Number of protein chains: 2
Amino acid sequence: MQKPVQKRTLKTRARLLAASVEVVARNGYEALRVEEVVQAAGVAKGTFFAHFHDKDALMEILIGERLAACFDEVEGGAAPKTVDQIIAALEPIHSVMTSERYVFDLLLRYSGATAITEIGPIAHCFERYFRVVSGWLETADVRQDISADLLAEGVQAFAIQAMSLRFCALHSATTFTDRLQVYLEAWLTPAA
Amino acid sequence: MQKPVQKRTLKTRARLLAASVEVVARNGYEALRVEEVVQAAGVAKGTFFAHFHDKDALMEILIGERLAACFDEVEGGAAPKTVDQIIAALEPIHSVMTSERYVFDLLLRYSGATAITEIGPIAHCFERYFRVVSGWLETADVRQDISADLLAEGVQAFAIQAMSLRFCALHSATTFTDRLQVYLEAWLTPAA
DNA sequence: ATTTTTTATTGACCATGGTCACTTTTTGAT
DNA sequence: ATCAAAAAGTGACCATGGTCAATAAAAAAT
């Protein structure tokens, strides 16, 4: 996968990815079947697994790309200063992350790199989330007693918590945004 | 499943659970195969799925029971007052939760109730986690500007974050306990 | 006791992700 | 151009979770 020298390889991989995007567009991520993808791409099943270690690896790429596009957009704008602005700025990212329960579960599963040598697309996204938020917090209107990095880790933890509860029937009284706002105000601008 | 009136049903279910515990004891949760369980229990495969909706439902029960035992133990002790004491008190629970990556992933996946009518064993555990910690925080040496409930939600979020990073090769420099301590001090006793 | 009805069990079968020995294609050396 | 070696592709096959019509057992009705 590191050195796809042959032109054929690139073309096959591109066909597989294009077919996957198409299949996902039709029925969502969860409903994607490898069989469907290889048929749409016109290759054999074995070829799929020569290009992607497993189905999850393909999903990582697809979802990772979508999130990367979100990050590009988000980083294009001005750095948010307040809690409300931060939540608003992150909204497109959180929206994609919670677009499907299946997607969110997969994100959590691959949020950390298993081995140092292979940092997957999703782990990259979480790294980027951390860096972006940390960058904002350095000049934002927030508590200064702890580092922006630590604050950013907390923002990530609370965002994940709020997204988790979004899928939970028990806590559906509060909306995702409202909950995240309560969390982040308590975390970023404590009054104690 | 609600009304197992027949004695036979209870016996079969008990045999399946006992066999499962045995299988898990031998090779861990991840390696459990339904085929292995039904063979050990001496029943047909279909019987398994008449008693448990799917493999995950069995896992929820097994892991839920283990966690419940931890909670019983933890709740038996005195209420911790400081961050260090809280971390120490929760240690047995966090230990089980991170005993296997497979277990942790499953916990995250079922931490929320899908439907209000059916709160699974794992969702119950997280509810209990929340209640226990919230109870402690009411009389603990922590910030008082926000409710104990909100503080407890944060503790849960940070604990999950710390546990996640425990499985992440990128952030293995810091240990789980150290990281959680940094988080909770910043969350529960902010100096700003 | 016999029949009927409800409940539990069975195992052949299916769906789907993943493997691998073999074939085909490409590349590079002669 | 020809051939040997390397890379890519193939599809029959496997592993495993899950289904369901048929069967057996238990409970209720007669």
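Below, read A as the first sequence line, B as the second, and so on, with proteins coming before strands; counting in each chain starts at 1. Computed from a predicted model, the values in this text were never measured in an experiment.
Residues A:Phe48 and B:Asp56 both approach DNA chain D. Their nearest nucleotides, taken by heavy-atom distance, put A:Phe48 toward the 5′ side.
Here the side chain of A:Gln6 is nearest to one of C:dG18, C:dT26, D:dT16, namely C:dT26. With D:dG17, D:dA26, C:dG18 as the choices, the nucleotide that has an atom nearest any side-chain atom of A:Lys45 turns out to be C:dG18.
Atom-to-atom, CE of A:Met59 to C1' of C:dT16 comes out at 13 Å; the value is rounded to the nearest Å. Between the CG atom of B:Asp54 and the P atom of C:dA15 there is a distance of 19 Å, rounded to whole Å. Distance CG (B:Leu10) to P (C:dA8): 10 Å, rounded to an integer number of Å. As rounded to whole Å, 14 Å separates atom C1' of D:dC13 from atom CZ of A:Phe49. Here the P atom of nucleotide D:dA15 and the CD atom of B:Glu35 are 12 Å apart, to the nearest Å. One atom, CD of A:Gln39, and another, C1' of D:dT10, lie 15 Å apart when rounded to the nearest Å. Rounding to whole angstrom units, CD of residue B:Glu36 and P of D:dG18 are separated by 16 Å. Remark: C1' of C:dA8 and CZ of B:Phe52 are 14 Å apart, rounded to the nearest angstrom.
Here B:Leu32 lies in heavy-atom contact (under 4.0 Å) with sugar-phosphate atoms only.
We find that B:Arg109 and B:Glu60 are not joined by a salt bridge, their nearest charged nitrogen and carboxylate oxygen being 4.0 Å or further apart.
OP1 or OP2 of C:dT9 has at least one side-chain nitrogen or oxygen of B:His51 nearer than 4.0 Å. Regarding contacts with the backbone of C:dA8, every side-chain N or O of B:Arg8 stays at 4.0 angstrom or more from both OP1 and OP2. Put simply, A:Thr47 has no side-chain N or O that comes within less than 4.0 Å of OP1 or OP2 on D:dA8.
Across every non-hydrogen atom of B:Thr98 and B:Phe167, the tightest pair is O-CZ, 3.6 Å.
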Inset, instruction - Take A:Glu36 and A:Arg26, measure what salt bridge (Lys or Arg N to Asp or Glu O under 4.0 Å) needs, and give me the verdict at the end. - result: CA-CA 11 Å; A:Glu36 205 181 349; A:Arg26 210 174 319 137; 3.2 Å; yes

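Taking 4.5 Å as the limit, every side-chain heavy atom of B:Thr47 sits out of range of all side-chain heavy atoms of B:Val38.
Donor-acceptor pairing under 3.5 Å is recorded for the side chains of A:His94 and A:Tyr129.
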